[in-house]
Visitor: 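Here you go, one structure.
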Amino acid sequence: MTGLAWALFVLAALLVALACVKADRVRAVRRRTYPSGGELPTSAFVLARALFLAVAAICVWQGAQALALTNDARWSDDELTDAAHQAAADLDGYWYRESSLTHDTPYFDDYASLIKERVVRYGGGGAPESGVGASAESGHPDADGDFTVQAAGADTSFCFHLTKSRYKKQDYTPPGITGGEGSAANRELAYRLTVRARGGAC
């Protein structure tokens, strides 16, 4: 996208340069290359200059739009720093339940996706909603441990250290079919996260 923007700016400069060429010089070149042709009227030069300048203005506007889109699609170091610290503070103490049979949680796919979602959430209005990655150093995004968080456009990165512990007081056992106490096999086990973030990759 940046390359396209600069190409448009160069094209705009060439068009402005063409608009500045004097009519007498164009007529002299035309006489040498096409002697049998008639003289070009002044109105033709006025129209050509107006056209060149109008197209140049459009190129500049389109180039500026392309640069703006490129900037909007990239994270700054400040945006990632603020988002990482807020995400870590939000996730520290976060708790959830999962099935005791399948160990699945309906709240998020894995810890990597949970961290990524919170960083994007706290990116602010100027940060894009994409380009964030959270990679597990263990290779398992659903295992607690260290996660390196990076974002497209930002030179900085952050290491999230995440640990999971049981949170038994928030366990939940669904009622049985008859309305009484349900089976322990259907119990939803609660867990709580401890999250710390520091600058730099893990």
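Remember, it's a predicted structure, so these values are computed and weren't measured experimentally.
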Visitor: Rounded to the nearest 0.5 Å, how far does CG of Leu189 lie from OH of Tyr172?
Guide: 13.5 Å
Visitor: Which residues pass the salt bridge (charged side-chain N to carboxylate O under 4.0 Å, His left out) test with Glu137, sequence neighbours left out?
Guide: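 Listed in chain order: nothing, the list is empty.
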Visitor: Do you know which of Val119, Ile115, Leu80, Thr148 makes side-chain contact (heavy atoms from CB on, under 4.5 Å) with Phe158?
Guide: Leu80
Visitor: Strictly distance-based, threshold 3.5 Å: is any side-chain N or O of Gln170 a donor or acceptor partner for the main-chain N or O of Tyr167?
Guide: no
Visitor: Taking atom OG1 of Thr173 and atom CZ of Arg187, what is their separation to the nearest 0.5 Å?
Guide: 4.0 Å
Visitor: Residues in salt bridge (charged side-chain N to carboxylate O under 4.0 Å, His left out) with Asp82, at least two apart?
Guide: none
Visitor: So, Asp110 versus Ser113: side-chain donor-acceptor pair below 3.5 Å or not?
Guide: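 On atom types as modelled, these side chains qualify, holding a pair under 3.5 Å.
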Visitor: Mind jotting down which residue pairs meet the side-chain hydrogen bond (donor to acceptor under 3.5 Å, both in side chains) criterion with at least one end in residues 154-165? Sequence neighbours excluded, please.
Guide: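 For residues 154-165: Asp146-His161.
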Visitor: Report the residues that fulfil side chain to side chain donor-acceptor pair (under 3.5 Å) with Asp92, sequence neighbours left out, ordered by chain and then residue number.
Guide: Arg196
Visitor: Would you mind reporting whether Trp95 and Leu193 have side-chain heavy atoms less than 4.5 Å apart?
Guide: no
Visitor: Under 6.0 Å from the six-membered ring centre of Tyr191 and within 45° of its axis: does the NZ or CZ of Arg166 meet both?
Guide: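 That pair qualifies as a cation-pi contact.
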Visitor: Under the criterion ring pair (Phe, Tyr, Trp, His ring centres under 6.0 Å), I'd like the reasoning laid out for His140 against Tyr111: C-alpha separation, chi angles, the key distance, then a yes or no.
Guide: CA-CA 9 Å; His140 299 286; Tyr111 295 129; over 10 Å; no
Visitor: Enter the distance from Lys116:NZ to Asp109:CG here, rounded to the nearest 0.5 Å.
Guide: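 Result: 10.5 Å between the selected atoms.
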Visitor: Check the pair Leu162 / Thr194 against side-chain contact (heavy atoms from CB on, under 4.5 Å), numbers first and verdict last.
Guide: CA-CA 6 Å; Leu162 182 150; Thr194 301; over 6 Å; no
Visitor: What is the minimum heavy-atom distance between Cys159 and Ala201, and which atoms define it?
Guide: CB-C, 4.1 Å
Visitor: Applying side chain to side chain contact (heavy atoms under 4.5 Å, CB included), can you list everything that pairs with Ala89, at least two apart in sequence or on another chain?
Guide: none
Visitor: Within this structure, what is the OG-CZ distance for the pair Ser138 and Phe147, rounded to the nearest 0.5 Å?
Guide: 6.0 Å
Visitor: Considering all heavy atoms of both residues, which atom of Trp75 and which atom of Ala151 are nearest to each other, and what is their separation?
Guide: CG-CB, 3.5 Å
Visitor: Just jot down the salt bridge (charged side-chain N to carboxylate O under 4.0 Å, His left out) partners of Arg198, sequence neighbours excluded, or say none.
Guide: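 Counting only residues at least two positions away or on another chain, Arg198 forms no salt bridge (charged side-chain N to carboxylate O under 4.0 Å, His left out).
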Visitor: Before accepting this row, confirm whether a basic side-chain N of the pair Asp171/Arg97 lies closer than 4.0 Å to the acidic partner's carboxylate O.
Guide: no
Visitor: On a heavy-atom basis, which atom in Gly153 and which in Arg74 lie closest, and how many Å separate them?
Guide: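 Of all heavy-atom pairs spanning Gly153 and Arg74, the closest is CA-NH2, 3.3 Å.
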Visitor: Kindly say whether the aromatic ring centers of Tyr96 and Phe108 come within a distance under 6.0 Å.
Guide: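 That pair passes the under 6.0 Å test.
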